[in-house]
There are 2 protein chains.
Amino acid sequence: MAIQLECEKILKERGLRITKPRMSILEQFLSHPNALSHNDIEEKILDIDRITLYRTLKSFEEKGVIHKAIDGTDKPKYALCESSCSEHAHHHDSHLHFRCDDCNHTFCIEGVAIPAIPAPEGYHVKGTDIVLNGLCKNCS
Amino acid sequence: MAIQLECEKILKERGLRITKPRMSILEQFLSHPNALSHNDIEEKILDIDRITLYRTLKSFEEKGVIHKAIDGTDKPKYALCESSCSEHAHHHDSHLHFRCDDCNHTFCIEGVAIPAIPAPEGYHVKGTDIVLNGLCKNCS
DNA sequence: TATATTGTTGCAACTAAGATGCAAAAGTAA
DNA sequence: TTACTTTTGCATCTTAGTTGCAACAATATA
(Lines give C-alpha, C1' and ligand atoms only; values in the text may rest on other atoms or scores of the structure.)
Protein backbone atom coordinates (compact mmCIF):
# COMPACT_ATOMS: atom_id res chain seq x y z
CA MET A 1 0.00 0.00 0.00
CA ALA A 2 1.26 3.48 -0.77
CA ILE A 3 2.67 5.00 2.37
CA GLN A 4 0.45 8.08 2.15
CA LEU A 5 -2.67 5.95 2.03
CA GLU A 6 -1.50 3.87 4.94
CA CYS A 7 -0.92 7.02 7.01
CA GLU A 8 -4.39 8.31 6.22
CA LYS A 9 -5.89 4.95 7.09
CA ILE A 10 -4.18 4.85 10.48
CA LEU A 11 -5.16 8.42 11.33
CA LYS A 12 -8.79 7.81 10.35
CA GLU A 13 -8.98 4.57 12.31
CA ARG A 14 -7.84 6.40 15.43
CA GLY A 15 -10.13 9.36 14.96
CA LEU A 16 -7.34 11.81 14.24
CA ARG A 17 -7.75 14.50 11.61
CA ILE A 18 -5.52 14.24 8.59
CA THR A 19 -3.11 17.16 8.65
CA LYS A 20 0.22 17.87 7.05
CA PRO A 21 2.39 17.57 10.19
CA ARG A 22 0.64 14.38 11.29
CA MET A 23 1.10 12.80 7.91
CA SER A 24 4.80 13.54 7.75
CA ILE A 25 5.44 12.43 11.32
CA LEU A 26 3.59 9.16 10.83
CA GLU A 27 5.44 8.64 7.56
CA GLN A 28 8.70 8.70 9.50
CA PHE A 29 7.52 5.93 11.79
CA LEU A 30 6.31 3.82 8.88
CA SER A 31 9.56 4.18 7.00
CA HIS A 32 11.99 3.43 9.84
CA PRO A 33 12.38 0.08 11.57
CA ASN A 34 13.66 1.65 14.78
CA ALA A 35 12.09 3.75 17.50
CA LEU A 36 12.41 7.50 17.04
CA SER A 37 13.05 10.27 19.53
CA HIS A 38 11.67 13.77 19.34
CA ASN A 39 15.05 14.85 18.07
CA ASP A 40 15.33 12.16 15.42
CA ILE A 41 12.09 13.39 13.92
CA GLU A 42 13.05 17.04 14.10
CA GLU A 43 16.18 16.21 12.14
CA LYS A 44 14.26 14.35 9.46
CA ILE A 45 11.43 16.86 9.04
CA LEU A 46 13.18 20.17 8.86
CA ASP A 47 10.20 22.48 8.76
CA ILE A 48 8.25 20.94 11.62
CA ASP A 49 7.26 23.07 14.58
CA ARG A 50 8.78 21.84 17.82
CA ILE A 51 5.61 22.24 19.84
CA THR A 52 3.41 20.64 17.22
CA LEU A 53 5.75 17.67 17.31
CA TYR A 54 5.46 17.37 21.09
CA ARG A 55 1.70 17.51 20.87
CA THR A 56 1.47 15.13 17.95
CA LEU A 57 3.57 12.53 19.72
CA LYS A 58 1.36 12.89 22.76
CA SER A 59 -1.88 12.47 20.83
CA PHE A 60 -0.46 9.57 18.81
CA GLU A 61 0.42 7.92 22.08
CA GLU A 62 -3.00 8.56 23.57
CA LYS A 63 -4.77 7.18 20.54
CA GLY A 64 -2.66 4.05 20.40
CA VAL A 65 -0.73 4.87 17.23
CA ILE A 66 2.66 4.77 18.91
CA HIS A 67 4.01 3.79 22.30
CA LYS A 68 6.96 4.88 24.35
CA ALA A 69 9.82 2.46 23.84
CA ILE A 70 11.61 2.04 27.14
CA ASP A 71 15.25 1.60 26.28
CA GLY A 72 17.17 2.73 29.33
CA THR A 73 18.27 6.04 27.90
CA ASP A 74 17.11 9.42 29.14
CA LYS A 75 15.60 10.38 25.80
CA PRO A 76 12.07 9.10 25.29
CA LYS A 77 11.67 7.18 22.06
CA TYR A 78 8.53 6.10 20.28
CA ALA A 79 7.67 3.13 18.13
CA LEU A 80 4.62 2.19 16.09
CA CYS A 81 2.01 0.15 17.88
CA GLU A 82 0.65 -3.08 16.57
CA SER A 83 -2.76 -2.63 15.05
CA SER A 84 -4.25 -4.43 18.02
CA CYS A 85 -3.55 -1.50 20.27
CA SER A 86 -6.40 0.89 20.78
CA GLU A 87 -7.15 4.13 22.49
CA HIS A 88 -8.32 2.25 25.52
CA ALA A 89 -5.87 -0.57 25.80
CA HIS A 90 -2.34 -0.76 24.68
CA HIS A 91 -1.48 -4.41 24.42
CA HIS A 92 1.82 -3.92 26.04
CA ASP A 93 1.61 -5.74 29.33
CA SER A 94 4.74 -7.47 28.31
CA HIS A 95 7.00 -5.67 25.95
CA LEU A 96 10.45 -6.18 24.53
CA HIS A 97 12.82 -3.58 23.17
CA PHE A 98 16.37 -3.92 21.94
CA ARG A 99 18.93 -1.14 22.05
CA CYS A 100 22.04 -1.54 19.94
CA ASP A 101 25.27 -0.55 21.70
CA ASP A 102 26.85 0.28 18.38
CA CYS A 103 24.36 2.24 16.28
CA ASN A 104 22.30 3.26 19.31
CA HIS A 105 19.05 2.45 17.59
CA THR A 106 16.20 0.99 19.56
CA PHE A 107 13.99 -1.67 18.04
CA CYS A 108 10.61 -2.84 19.18
CA ILE A 109 10.64 -6.62 19.04
CA GLU A 110 7.38 -8.39 18.30
CA GLY A 111 6.61 -12.04 18.33
CA VAL A 112 9.15 -13.26 20.81
CA ALA A 113 7.71 -15.26 23.65
CA ILE A 114 8.61 -13.58 26.92
CA PRO A 115 9.09 -15.95 29.81
CA ALA A 116 7.28 -15.07 33.02
CA ILE A 117 9.55 -13.28 35.44
CA PRO A 118 9.25 -14.68 38.95
CA ALA A 119 7.52 -12.00 41.04
CA PRO A 120 9.62 -10.91 43.99
CA GLU A 121 8.12 -11.83 47.35
CA GLY A 122 5.29 -9.51 48.34
CA TYR A 123 5.10 -7.66 45.04
CA HIS A 124 2.08 -7.85 42.76
CA VAL A 125 3.24 -7.75 39.15
CA LYS A 126 1.00 -6.32 36.45
CA GLY A 127 3.34 -5.64 33.57
CA THR A 128 6.80 -6.44 32.34
CA ASP A 129 9.11 -4.38 30.19
CA ILE A 130 12.31 -5.88 28.94
CA VAL A 131 15.22 -3.98 27.48
CA LEU A 132 17.91 -6.04 25.81
CA ASN A 133 21.11 -4.48 24.68
CA GLY A 134 23.93 -5.74 22.51
CA LEU A 135 24.36 -5.67 18.74
CA CYS A 136 21.50 -5.42 16.29
CA LYS A 137 21.21 -7.29 13.00
CA ASN A 138 23.11 -4.66 11.06
CA CYS A 139 25.90 -4.18 13.56
CA SER A 140 26.75 -7.75 14.50
CA MET B 1 27.19 -0.04 61.74
CA ALA B 2 26.48 3.62 62.25
CA ILE B 3 25.31 5.12 59.02
CA GLN B 4 28.01 7.81 59.02
CA LEU B 5 30.74 5.23 59.29
CA GLU B 6 29.22 3.19 56.53
CA CYS B 7 29.14 6.21 54.25
CA GLU B 8 32.79 6.97 54.95
CA LYS B 9 33.71 3.38 54.32
CA ILE B 10 31.99 3.31 50.94
CA LEU B 11 33.54 6.59 49.84
CA LYS B 12 37.02 5.49 50.86
CA GLU B 13 36.64 2.13 49.15
CA ARG B 14 35.79 3.88 45.90
CA GLY B 15 38.53 6.46 46.17
CA LEU B 16 36.20 9.39 46.70
CA ARG B 17 37.06 12.18 49.11
CA ILE B 18 34.86 12.51 52.13
CA THR B 19 32.93 15.74 51.85
CA LYS B 20 29.77 17.08 53.39
CA PRO B 21 27.56 16.92 50.29
CA ARG B 22 28.75 13.42 49.42
CA MET B 23 28.08 12.18 52.91
CA SER B 24 24.55 13.51 53.03
CA ILE B 25 23.71 12.27 49.54
CA LEU B 26 25.02 8.80 50.26
CA GLU B 27 23.14 8.81 53.55
CA GLN B 28 19.92 9.26 51.63
CA PHE B 29 20.61 6.19 49.54
CA LEU B 30 21.47 4.11 52.58
CA SER B 31 18.35 5.12 54.44
CA HIS B 32 15.81 4.60 51.67
CA PRO B 33 14.86 1.25 50.16
CA ASN B 34 13.81 2.78 46.87
CA ALA B 35 15.68 4.38 44.00
CA LEU B 36 15.99 8.16 44.20
CA SER B 37 15.76 10.81 41.52
CA HIS B 38 17.69 14.05 41.45
CA ASN B 39 14.55 15.75 42.64
CA ASP B 40 13.87 13.33 45.47
CA ILE B 41 17.28 14.12 46.89
CA GLU B 42 16.92 17.87 46.44
CA GLU B 43 13.71 17.70 48.45
CA LYS B 44 15.33 15.75 51.25
CA ILE B 45 18.53 17.76 51.50
CA LEU B 46 17.36 21.33 51.46
CA ASP B 47 20.68 23.13 51.38
CA ILE B 48 22.29 21.11 48.63
CA ASP B 49 23.58 22.82 45.53
CA ARG B 50 21.84 21.62 42.39
CA ILE B 51 25.01 21.34 40.34
CA THR B 52 26.97 19.62 43.07
CA LEU B 53 24.20 17.07 43.20
CA TYR B 54 24.40 16.44 39.45
CA ARG B 55 28.14 16.01 39.68
CA THR B 56 28.01 13.83 42.75
CA LEU B 57 25.50 11.49 41.18
CA LYS B 58 27.70 11.27 38.12
CA SER B 59 30.83 10.46 40.07
CA PHE B 60 28.99 7.99 42.30
CA GLU B 61 27.81 6.26 39.15
CA GLU B 62 31.28 6.25 37.61
CA LYS B 63 32.83 4.80 40.74
CA GLY B 64 30.24 2.07 41.10
CA VAL B 65 28.51 3.42 44.19
CA ILE B 66 25.13 3.76 42.53
CA HIS B 67 23.60 2.77 39.22
CA LYS B 68 20.83 4.18 37.09
CA ALA B 69 17.63 2.31 37.78
CA ILE B 70 15.76 1.95 34.51
CA ASP B 71 12.10 2.18 35.38
CA GLY B 72 10.38 3.38 32.26
CA THR B 73 9.84 6.94 33.45
CA ASP B 74 11.53 9.97 31.97
CA LYS B 75 13.20 10.90 35.24
CA PRO B 76 16.49 9.10 35.85
CA LYS B 77 16.60 7.37 39.22
CA TYR B 78 19.53 5.93 41.06
CA ALA B 79 19.93 3.02 43.42
CA LEU B 80 22.82 1.73 45.52
CA CYS B 81 25.01 -0.85 43.88
CA GLU B 82 25.81 -4.16 45.42
CA SER B 83 29.24 -4.19 46.93
CA SER B 84 30.41 -6.42 44.11
CA CYS B 85 30.20 -3.56 41.66
CA SER B 86 33.40 -1.72 41.00
CA GLU B 87 34.65 1.21 39.06
CA HIS B 88 35.48 -1.05 36.17
CA ALA B 89 32.61 -3.43 36.07
CA HIS B 90 29.09 -2.96 37.20
CA HIS B 91 27.68 -6.41 37.71
CA HIS B 92 24.49 -5.51 36.01
CA ASP B 93 24.34 -7.63 32.90
CA SER B 94 20.95 -8.67 34.05
CA HIS B 95 19.07 -6.31 36.27
CA LEU B 96 15.59 -6.14 37.70
CA HIS B 97 13.68 -3.09 38.86
CA PHE B 98 10.14 -2.74 40.10
CA ARG B 99 8.08 0.42 39.79
CA CYS B 100 4.96 0.68 41.92
CA ASP B 101 1.93 2.08 40.09
CA ASP B 102 0.54 3.38 43.34
CA CYS B 103 3.34 5.06 45.31
CA ASN B 104 5.51 5.49 42.21
CA HIS B 105 8.59 4.27 43.99
CA THR B 106 11.14 2.23 42.13
CA PHE B 107 12.90 -0.65 43.84
CA CYS B 108 16.03 -2.43 42.81
CA ILE B 109 15.39 -6.14 43.21
CA GLU B 110 18.32 -8.36 44.10
CA GLY B 111 18.48 -12.09 44.34
CA VAL B 112 15.73 -13.05 41.95
CA ALA B 113 16.80 -15.46 39.27
CA ILE B 114 16.17 -13.90 35.90
CA PRO B 115 15.28 -16.36 33.17
CA ALA B 116 17.18 -16.02 29.92
CA ILE B 117 15.22 -14.07 27.35
CA PRO B 118 15.28 -15.75 23.95
CA ALA B 119 17.41 -13.55 21.69
CA PRO B 120 15.52 -12.33 18.68
CA GLU B 121 16.83 -13.73 15.38
CA GLY B 122 19.98 -11.96 14.24
CA TYR B 123 20.52 -9.96 17.39
CA HIS B 124 23.45 -10.48 19.70
CA VAL B 125 22.35 -9.94 23.29
CA LYS B 126 24.82 -8.71 25.90
CA GLY B 127 22.62 -7.45 28.71
CA THR B 128 19.08 -7.57 29.96
CA ASP B 129 17.16 -5.00 31.93
CA ILE B 130 13.77 -5.86 33.27
CA VAL B 131 11.22 -3.40 34.58
CA LEU B 132 8.25 -4.84 36.38
CA ASN B 133 5.35 -2.69 37.39
CA GLY B 134 2.39 -3.31 39.65
CA LEU B 135 2.01 -2.91 43.38
CA CYS B 136 4.88 -2.96 45.83
CA LYS B 137 4.89 -4.60 49.24
CA ASN B 138 3.47 -1.56 51.00
CA CYS B 139 0.78 -0.81 48.46
CA SER B 140 -0.65 -4.25 47.76
C1' DT C 1 -20.23 23.99 -2.24
C1' DA C 2 -20.82 27.31 1.39
C1' DT C 3 -20.95 27.54 6.21
C1' DA C 4 -20.68 26.34 11.01
C1' DT C 5 -18.24 23.76 14.21
C1' DT C 6 -14.52 21.92 16.29
C1' DG C 7 -9.76 20.42 16.32
C1' DT C 8 -5.10 21.70 15.15
C1' DT C 9 -1.29 24.61 14.33
C1' DG C 10 2.36 27.84 15.21
C1' DC C 11 4.04 31.43 17.92
C1' DA C 12 5.38 33.79 22.35
C1' DA C 13 6.50 33.25 26.74
C1' DC C 14 7.62 30.42 30.50
C1' DT C 15 9.54 26.63 33.55
C1' DA C 16 12.61 22.87 34.40
C1' DA C 17 16.66 19.95 33.44
C1' DG C 18 21.28 19.67 32.69
C1' DA C 19 26.19 21.24 31.23
C1' DT C 20 30.45 24.18 31.45
C1' DG C 21 34.01 27.33 33.25
C1' DC C 22 36.15 29.22 37.02
C1' DA C 23 37.68 31.12 41.47
C1' DA C 24 37.41 29.99 46.25
C1' DA C 25 37.31 26.44 49.69
C1' DA C 26 38.23 22.00 51.57
C1' DG C 27 40.64 17.23 51.72
C1' DT C 28 44.64 14.66 51.72
C1' DA C 29 49.61 13.53 51.73
C1' DA C 30 54.14 15.02 52.98
C1' DT D 1 51.76 23.35 58.39
C1' DT D 2 52.39 23.47 53.86
C1' DA D 3 51.74 22.09 49.16
C1' DC D 4 48.98 19.79 46.06
C1' DT D 5 44.77 18.24 44.17
C1' DT D 6 39.94 17.68 44.20
C1' DT D 7 35.54 19.48 45.05
C1' DT D 8 32.26 22.99 45.73
C1' DG D 9 29.18 26.69 44.65
C1' DC D 10 28.13 30.31 41.72
C1' DA D 11 27.21 32.57 37.15
C1' DT D 12 26.02 31.58 32.79
C1' DC D 13 24.33 28.98 29.05
C1' DT D 14 21.93 25.38 26.47
C1' DT D 15 18.30 22.15 25.69
C1' DA D 16 13.81 19.91 26.86
C1' DG D 17 9.23 20.41 27.68
C1' DT D 18 4.67 23.12 28.98
C1' DT D 19 0.87 26.52 28.59
C1' DG D 20 -2.17 30.00 26.56
C1' DC D 21 -4.00 31.91 22.68
C1' DA D 22 -5.28 33.73 18.15
C1' DA D 23 -5.37 32.24 13.45
C1' DC D 24 -6.16 28.58 10.56
C1' DA D 25 -7.63 24.10 8.52
C1' DA D 26 -10.44 19.75 8.47
C1' DT D 27 -14.76 17.84 8.71
C1' DA D 28 -19.92 17.56 9.00
C1' DT D 29 -24.17 19.50 7.66
C1' DA D 30 -27.34 21.95 5.19
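Throughout, protein chains are lettered first and strands after them, A, B, ... in sequence-line order, and every chain is numbered starting at 1.
Of the inter-residue distances, the one linking A:Leu11 atom CG with A:Ser59 atom OG reads 9.0 Å to the nearest 0.5 angstrom.
Between the CD1 atom of A:Ile45 and the C1' atom of C:dT9 there is a distance of 14 Å, rounded to whole Å. Atom CZ in A:Arg14 sits roughly 19 Å away from atom C1' in C:dG7 (whole-Å rounding). Atoms CD1 (B:Ile25) and C1' (D:dG9) sit 13 Å apart, rounded to a whole Å. Rounded to an integer number of Å, the gap from A:Met23 CE to C:dT8 P is 15 Å. Rounded to whole Å, the distance from CD on B:Glu8 to P on C:dG27 is 11 Å. If you measure from atom CZ of B:Arg22 to atom C1' of D:dT7, you get 6 Å, rounded to the nearest angstrom. Atom CD in A:Glu43 sits roughly 12 Å away from atom P in D:dT15 (whole-Å rounding). Remark: C1' of D:dC24 and CD1 of A:Ile18 are 18 Å apart, rounded to the nearest angstrom.
Taking the ring centroids of B:His38 and B:Tyr54, they lie under the 6.0 Å cut-off. Taking the six-membered ring for Trp and the full ring otherwise, the centers of A:Phe98 and B:Tyr123 sit less than 6.0 Å from each other. Between B:His67 and B:Tyr78, the distance from one ring center to the other does not fall under 6.0 angstrom.
Side-chain atoms of A:Thr52 never come within 3.5 Å of backbone atoms of A:Ile48 as a donor-acceptor pair (strictly under, hydrogens ignored). Of the possible polar contacts, one joining the B:Arg14 side chain to the B:Gly64 backbone as a donor-acceptor pair under 3.5 Å is found.
Between B:Lys20 and B:Asp74, the residue anchored closer to the 5' end of DNA chain D is B:Lys20, taking for each the nucleotide with the nearest heavy atom. Each of B:His38 and B:Leu16 was assigned the nucleotide of DNA chain C with the nearest heavy atom; the assignment lying further toward the 5' end belongs to B:His38. When the nearest nucleotides of DNA chain C are assigned to B:Asn39 and B:Thr19 by heavy-atom distance, the more 5′-ward of the two goes with B:Asn39.
The base of C:dT6 is paired with the side chain of A:Arg17 by a donor and an acceptor separated by under 3.5 Å.
Note on the helix from C:dT1-D:dA30 to C:dA30-D:dT1: terminal axis deviation equals 40°, with five pairs used at each end and the result rounded to 10°.
When each of B:His105, B:Arg99, B:Lys77 is tested with B:Asn34 by the rule side chain to side chain contact (heavy atoms under 4.5 Å, CB included), just one qualifies, namely B:His105.
Between B:Leu53 and B:Ile41, the closest side-chain pair of non-hydrogen atoms falls below 4.5 Å.
The stretch residues 49-58 of chain A touches DNA chain D through A:Arg50, A:Ile51, A:Tyr54, A:Arg55, each having a heavy atom within less than 4.0 Å of the strand.
Checked by atom type, the side-chain pair A:Asp71/A:Thr73 shows a donor-acceptor distance below 3.5 Å.
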